[in-house]
**Q** 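Okay, here's the structure, questions in a sec.
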Amino acid sequence: MIDVAIIGAGSAGLVAARHLISAGLRPVLFEAAKTIGGAWTPSSAVLQTPSPGNKQNDDDHPASKMWSGMRTNLSKYTCQFTDFPWPEGSSTFPTVEEMHDYLQSYSDTFLQDDPSSCEFLMQCR
């Protein structure tokens, strides 16, 4: 099977991975955070490894710009995958935690059936 690198495990990276699998390829996702979600990674899940001679803080990773309770400026109807609706009861304007959970659910649904079909490399620098 041919490996294909995808930089980032946000919404675009997850969709790309899904379609690569359906084309018979093996996506390898590289993500700087400890979890999927890209820019929608809650700050508590951000990589916290110190840099040489300088301690890393949340501001060193773009995902850390999302604070607890932050909401998207797009409605759930605008920022959903066409074939993957939001769960019943989701906020009209989802919080960062809801967005992350939605992306995690998408990953669990479409990318986790066969672990050999997709590889996630988290905490890459």
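Because only heavy atoms are used, hydrogens play no part in the values below, and waters and symmetry mates are left out as well, while side chains stay in. These numbers come from a predicted model, not from an experiment.
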**Q** So which heavy atom on Pro94 is nearest to which on Met99, and how close?
**A**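 That would be CB-CG, 4.1 Å.
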
**Q** Just by distance, do the side chain of Thr72 and the backbone of Leu74 share a donor-acceptor pair under 3.5 Å?
**A**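 Yes, Thr72 side chain to Leu74 backbone: donor-acceptor pair under 3.5 Å.
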
**Q** Does Ser107 reach the main-chain N or O of Leu103 with its side chain, forming a donor-acceptor pair under 3.5 Å?
**A** no

**Q** Cluster question for you: counting only ILVMFWY and a side-chain heavy-atom cut-off of under 4.5 Å, with indirect links fine, are Ile21 and Ile2 together?
**A**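 Yes, Ile21 and Ile2 fall within the same hydrophobic cluster.
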
**Q** Is it true that a side-chain atom of His100 and a backbone atom of Ile36 form a donor plus acceptor pair closer than 3.5 Å?
**A**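 Side chain of His100 to backbone of Ile36: a pair is present.
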
**Q** Keeping the roles fixed (side chain from Lys76, backbone from Trp86), state whether a donor-acceptor pair exists under 3.5 Å.
**A** no

**Q** I want to check something: taking the side chain as every heavy atom from C-beta on, are Tyr102 and Gln80 in contact at a cut-off of under 4.5 Å?
**A** yes

**Q** If you measure from CE on Met70 to OG1 on Thr95, what distance do you get to the nearest 0.5 Å?
**A**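 Answer rounded to 0.5 Å: 10.5 Å.
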
**Q** Please check if Val96 and Phe93 belong to a single hydrophobic cluster, counting links between Ile, Leu, Val, Met, Phe, Trp and Tyr side chain heavy atoms closer than 4.5 Å.
**A**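 In one cluster with Val96: Phe93, no.
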
**Q** Side chains of Leu20 and Ile6, heavy atoms from C-beta outward: is any pair under 4.5 Å?
**A** yes

**Q** Whether the side chain of Glu97 engages the backbone of Gly69 through a donor-acceptor N/O pair (distance < 3.5 Å, no angle test) should be reported.
**A** yes

**Q** Answer whether the closest heavy-atom distance between the side chains of Arg71 and Ser91 falls below 4.5 Å.
**A**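 Yes, at least one pair of side-chain atoms sits under 4.5 Å.
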
**Q** Compare every heavy atom of Gly8 with every heavy atom of Leu29, then report the nearest pair and how far apart it is.
**A**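 So the minimum-distance heavy-atom pair works out to CD2-O, 3.8 Å.
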
**Q** Rounded to the nearest 0.5 Å, how far apart are OG1 of Thr41 and CD of Glu31?
**A** 5.5 Å

**Q** Heavy atoms, side chains only, cut-off 4.5 Å: are Leu111 and Leu14 in contact?
**A**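 Touching, per the 4.5 Å side-chain cut-off.
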
**Q** Could you check whether Arg18 makes a cation-pi contact with Phe110, meaning its NZ or CZ is under 6.0 Å from the centre of the six-membered ring and within 45° of the ring axis?
**A**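 Because its charged atom sits under 6.0 Å from the ring centre and within 45° of the axis, Arg18 does stack over Phe110.
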
**Q** Check whether any side-chain heavy atom of Phe84 lies under 4.5 Å from a side-chain heavy atom of Ser105, and answer yes or no.
**A**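 Yes. Closest side-chain heavy atoms under 4.5 Å.
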
**Q** Out of curiosity, Phe81 CZ to Ser11 OG, how far, rounded to the nearest 0.5 Å?
**A** 5.0 Å

